[in-house]
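Only one structure is covered here, and it is reproduced in the block below.
Note that the structure is a prediction, hence the values are computed from the model and not measured. Numbering of residues begins at 1 and proceeds along the displayed sequence. Both backbone and side-chain heavy atoms feed into the values below; hydrogens, waters and symmetry mates do not.
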Amino acid sequence: MSEDAANRSPLLEVKDLRTYFPIRRGILKRTHGHVKAVDGVSFTVQAGRTLGLVGESGCGKTTVGRTILRLIPASGGTVRFKGADFFQPRGEELRRLRRQMQIIFQDPVSSLNPRLTVTDIIGEPMRVHGIAQGRDCEEQVAALLRRVGLDPAYASRYPHEFSGGQRQRIGIARALALNPDFIVCDEPVSALDVSIQSQILNLLADLQQERGIAYLFIAHNLAVVEHFSDDVAVMYLGRIVEKAAARDLYANPKHPYTLALLSAVPETNPRPRRQRIVLSGEVPSASNPPGGCPFHPRCALTRLTAASAGAGDTVEIAVGGAKVRVLRKCAEETPPLEQKQSAPGHIAACWIAK
């Protein structure tokens, strides 16, 4: 991408996004707390580029994608699409904006209505938005099927007659039916065989090249994200803890959580063997997250630093029934996402990382 293109206003701008789910108890179902699935997430996506969003299962990746599209109501924050606040429009204005923002779901089985034919599944968005009807709609469905690598003769079949990879191609065709500018790819290849994964990823890359589509690519397979994304954001317990260009993040990770994730990626060359970083303890509950840095109860870096720090700079915490000493600042103060001593735009939320 040219420098001029990179300096343009972002297609999508997410700022301080929060999604809390109430915890209700008792006969009256009163709210006793909240599950903070997304807790202050901010990022931007440029037109024609891909932002990979990675992290452990349950960290809030999918909730971010669905909240952006208003499939889940947000508890706070803003989403600006092409400079306009996407959370404010109603009625016809919202209907118009929805044409430009689509989603590819993770499960290619449950995301397709088993009672509808492929023509109805892909053609429904066109009919609802008044783009095409009747014969014209059928011709456009056939063209989309050809583009995603399927025979147009399959248009009269039902979802159960296809393999997992073919179903995902149908899901991609449905997402393309309205010619969107932005697509949330919610783990689009995680349910597929490895050989099929590469075909779907190549298809998505070709479509991006042809149509200039921007992707939010949600995944937990870091090897896939490295191959497919321009930029990568790492999530932990509802927050982004590190964000950088894909090349910079994989070559020089800063946050201890990112280091642990990358150490678990299988290597094609077993020699020299990368040192595996095993995280201690369990992932804290999103309904009762720890104070300070959310990662500090499992962080080996804060323990190592605390070993040589003064007594007043450390504090003892319980992890898995054992007592460990960590830096007081990590346990009591939440670190901001800020520039580190690396490439421009490489930010991490860590008090210790350089």
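Residues Phe217 and Leu51 fail the side-chain proximity criterion, which asks for heavy atoms closer than 4.5 Å. Residues Leu237 and Phe295 fail the side-chain proximity criterion, which asks for heavy atoms closer than 4.5 Å. Residues Gln102 and Leu176 form no side-chain contact, since every pair of their non-hydrogen atoms from C-beta on lies 4.5 Å or further apart.
Of the charged side-chain nitrogens involved, at least one lies within less than 4.0 Å of a carboxylate oxygen, so that Arg135 and Glu138 count as a salt-bridged pair. Between Arg298 and Glu56 there is a salt bridge, since a side-chain N of the basic residue sits under 4.0 Å from a carboxylate O of the acidic one. A salt bridge is defined here as a Lys NZ or Arg NE, NH1 or NH2 lying under 4.0 Å from an Asp or Glu carboxylate O, and Asp151 with Arg146 fails to meet this definition. Using a cut-off of 4.0 Å between Lys/Arg side-chain N and Asp/Glu carboxylate O, Glu13 and Lys15 are scored as not salt-bridged.
In this structure, Tyr154 and Phe162 have perpendicular ring planes: the angle between them is above 60°, well past the 30° mark.
Between the side chain of Ser75 and the backbone N or O of Tyr20, at least one donor-acceptor pair lies under 3.5 Å. The backbone N or O of Thr50 sits less than 3.5 Å from a side-chain atom of Asp230, completing a donor-acceptor pair. Checking side-chain atoms of Arg303 against main-chain N and O of Pro297 turns up a donor-acceptor pair under 3.5 Å. Distance alone, capped at 3.5 Å, places no donor-acceptor pair between the Glu139 side chain and the Asp136 backbone. Asp193 contributes no side-chain N or O that, together with a main-chain N or O of Ser195, makes up a donor-acceptor pair within less than 3.5 Å. A distance-only check finds a donor-acceptor pair linking the side chain of Gln133 to the backbone of Arg127 [under 3.5 Å].
Crowding of Glu124 atom CD: a count of heavy atoms from other residues, nucleotides or ligands under 6.0 Å not exceeding 12. No more than 12 heavy atoms of other residues, nucleotides or ligands lie within 6.0 Å of CZ in Arg247, so this atom counts as exposed by the packing criterion.
Taking the ring centre of Phe86 as origin, the terminal cationic atom of Arg70 falls inside the region bounded by 6.0 Å and 45° from the ring axis.
The aromatic ring centroids of His255 and Tyr236 lie 6.0 Å or more from each other.
Grouping the Ile, Leu, Val, Met, Phe, Trp and Tyr side chains by contacts below 4.5 angstrom, directly or via other members, places Leu17 apart from Ile72. Note on Ile104 and Leu116: same hydrophobic cluster, where clusters join Ile, Leu, Val, Met, Phe, Trp and Tyr whose side-chain heavy atoms are under 4.5 Å apart, directly or indirectly. Leu204 and Val184 end up in different hydrophobic clusters when Ile, Leu, Val, Met, Phe, Trp and Tyr side chains are linked at under 4.5 Å.
Within the model, atoms NZ of Lys329 and CD1 of Ile352 stand 10.0 Å from one another, a figure rounded to the nearest 0.5 Å. Rounding to the nearest 0.5 Å places NE2 of His227 at 14.5 Å from CG of Leu222. The structure places OG1 of Thr302 at 4.0 Å from CG of Leu327, a figure rounded to the nearest 0.5 Å.
Contact detail for Val224 and Gln197: the closest heavy-atom pair is CG2-OE1, 4.1 Å. Pairing each heavy atom of Val148 with each of Arg169, the nearest pair is O-NH1, 2.7 Å.
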